[in-house]
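Taking it in order: structure first as structure tokens, then the write-up.
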Amino acid sequence: MCTKISRLKNGTRVVSLHLPHSQTVAVGIWALTGSRHEPLKLNGISHFLEHMLFKGSAKRSARKISESIEGIGGDINAMTSEENTCFYAAAPKAHFARVCDVLLDMYRNPKLSPRDVELERSVITDEIRMYRDTPEQCVQELLNKIFWGKNTLALPVTGTEESLAQISHQDLVDFHSKHYRAASTVISAAGAIDHDLLLQWIESFDLPAGGSPQKPKKTPFDTSPQIHFEKRDIGQMQMSLGLPGIGLLSPDRYAQRIMEIILGGNSSSRLFQNLREKRGWCYSVSTYLTAFSDTGMFNISLGADSKYAEKILGIIGDEFSAMREKTCRGTELRRAKDYILGSYDMAAERTETRCNVAAQLLIRYGRIIGREEWREGIESVTAEQVQAAAQKTLCLSAAKL
């Protein structure tokens, strides 16, 4: 594997991973702006614009964009998060040039017609309602709202029906012009690719100069315990708990990751074994850390019969206390490390994953963290460091829950 990083004269950063035995190529274009950077009245505009780039470009109709990639056995998609918007495609290696051409054309020259804006506004409204009708999605949005408070991280990535209705055609044109510029763009590629050829393709589209990564708004949020209920006539209770977490640059990130796995990160975890396998009180339970550039949230989510709610909260509180008060067993620590390392190796078999990870590393850390460095970070974590991470994060007791 050969990794190369370049910065073009216009400020665009480019990273590529040449995988000589790969039969596929994957390319991703990242705009360094997301929902947490949006003004309240335009909440959802990053996601709206993501949709609009698939509605046609200077060279292709919406159908032609899809057919150009899917017609060669490839995949094309996009995603919007709180801090970034990404457009990506993967295809057999013989079609590297086409993948680059389609993605760069979409990104650089979207059609953004007024008629398409209204059509897609209706589509996204249905998407918002779909999430609202999905309890496990809805409960997470409710948690974000009360956890982050006045911080813009409380805003839904999709926006709301009300904010969506206020976004005009001109707003989308202006947002694209302001944020989809060279210095606020990162382009990544992985697979059977040539770095110099990738640079030639990017330079041929001549992204507008200027732009810069958006900075998060340093709005404080209330960390005092809060609870919110929404009654629905459904057969299961969905519950989501949030605790103050860490940012992506925290030196505790490796210990936090291991703590997460031990507590509820897979079916071998303490919460899964205690709540589902031992007692049968829930179907699903999981923990995960949502980390941003400057902050994060440690999350516990589960679905269960509401009659077990109080008992479940008691068990969660007991497990919090146990992780704070005692170091984990050596076998438990080893199993968590092996799970993380093994998951990484399996995911790395896909060029799309390698492409995605390379871009995120460059955006977050300004460099590529190699497998060996990352592996060393995981392997170096001690049971005492996991306990210290629990003492910082799992700050609620059974009594408070």
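Just so we're clear, the structure is a prediction, and the values are computed from it rather than from any experiment. Computed over heavy atoms, backbone and side chain alike; hydrogens, waters and symmetry mates excluded.
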Polar contact flag, side-chain donor to acceptor under 3.5 angstrom, [X]-[Y]:
X	Y	answer
S46	E38	yes
D171	S168	yes
Y339	S268	no

Pair [X] + [Y], salt bridge at N-O below 4.0 Å:
X	Y	result
D345	R371	yes
K178	D174	no
K337	E332	no
R132	E161	no

Look at the rings of F54 and F87 and say which category their plane angle falls in: under 30° parallel, 30 to 60° tilted, over 60° perpendicular.
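The rings of F54 and F87 sit tilted, inter-plane angle from 30° to 60°.
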Parallel, tilted or perpendicular: ring planes of Y344 versus W374, cut at 30 and 60 degrees
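Correct class here is parallel.
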To the nearest 0.5 Å, how far apart are [atom1] in [X] and [atom2] in [Y]?
X	Y	atom1	atom2	value
N151	L153	CG	CG	4.5 Å
C100	L198	SG	CG	5.5 Å
I128	D133	CD1	CG	12.0 Å
S204	D101	OG	CG	7.5 Å

Main-chain N/O of L289 paired with Q256 side-chain donor or acceptor, under 3.5 Å
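Judged by distance alone, no pair lies under 3.5 Å.
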What do the steps show when you test E118 against R121 for salt bridge (Lys or Arg N to Asp or Glu O under 4.0 Å), and what is the final call?
CA-CA 5 Å; E118 296 312 313; R121 193 192 310 275; 2.9 Å; yes
Quick check: are there more than 12 heavy atoms from other residues, nucleotides or ligands sitting under 6.0 Å from CZ of R350?
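No, not enclosed.
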